[in-house]
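Data first, discussion second: the structure below is written as structure tokens.
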Amino acid sequence: MKVYQNVVTGFQVWPVSLFYIVAMVLLGFHLQHGLWSMLQALGISHPRYTPKLKMFATVFATVIVAGNCSIPIAVLAGLVK
């Protein structure tokens with residue numbers, strides 16, 4: 001219960017939540033680039049598959065960022081107490 005309280009208490013301070021959300025967005029860019037680069041390094045790079053692989057990397061990173069950002073947003077919105 002202590003960790004839960006620490007998370008809620010920390011994210012109730014809006015500058016902390018804002019910093020965390022900005023950091024998550026930057027992490028998303030890094031994750032998208034890293035996943036795309038990993039697929040290229042593994043040799044999964046072909047003109048036919050490239051747009052789909054780029055979209056996969058973008059969607060994957062977006063889902064991770066959205067999930068992580070939902071925590072401070074829920075705390076700030078009062079959904080989590």
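This is a predicted model, so every value here is computed, not measured.
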#### Entry: Pairs where residues 71-81 contributes a residue and the test side chain to side chain donor-acceptor pair (under 3.5 Å) is met, not counting sequence neighbours
none
### Single-linkage hydrophobic cluster, 4.5 Å side-chain cutoff, Leu27 and Val7 together
yes
### Query
Of all residues at least two apart in sequence or in a different chain, which pass the side chain to side chain contact (heavy atoms under 4.5 Å, CB included) check with Ala74?
Leu79, Val80
### Message
Looking at every heavy atom in both Thr50 and Ser45, which two are closest together, and how far apart are they?
### Response
OG1-OG, 4.4 Å
### Query
Do the side chains of Ile21 and Val65 get nearer than 4.5 Å, heavy atoms only?
no
### Query
What residues, two or more places apart in sequence or in another chain, satisfy ring-ring contact (aromatic ring centres under 6.0 Å, His included) together with Tyr20?
Phe11
### Query
Can you list every side chain to side chain donor-acceptor pair (under 3.5 Å) pair that touches residues 6-16, not counting sequence neighbours?
none
## Note on the structure
Note: with side-chain heavy atoms under 4.5 Å as the link, the other cluster members for Phe60 come out as Leu31, Leu35, Trp36, Met38, Leu39, Leu42, Ile44, Tyr49, Leu53, Phe56, Ile64
### Query
Closest heavy-atom contact between Pro51 and Pro47?
CD-O, 3.6 Å
### Message
According to side chain to side chain donor-acceptor pair (under 3.5 Å), who are the partners of Thr58, at least two apart in sequence or on a separate chain?
### Response
Gln32
### Task
Answer yes if Val75 and Phe19 sit in the same cluster of Ile, Leu, Val, Met, Phe, Trp and Tyr residues linked by side chain heavy atoms under 4.5 Å apart, and no otherwise.
no
### Closest non-hydrogen atom pair, Ala61 against Gly28
CB-O, 3.5 Å
#### Entry: Connected via hydrophobic side-chain network under 4.5 Å: Val8 and Val16
yes
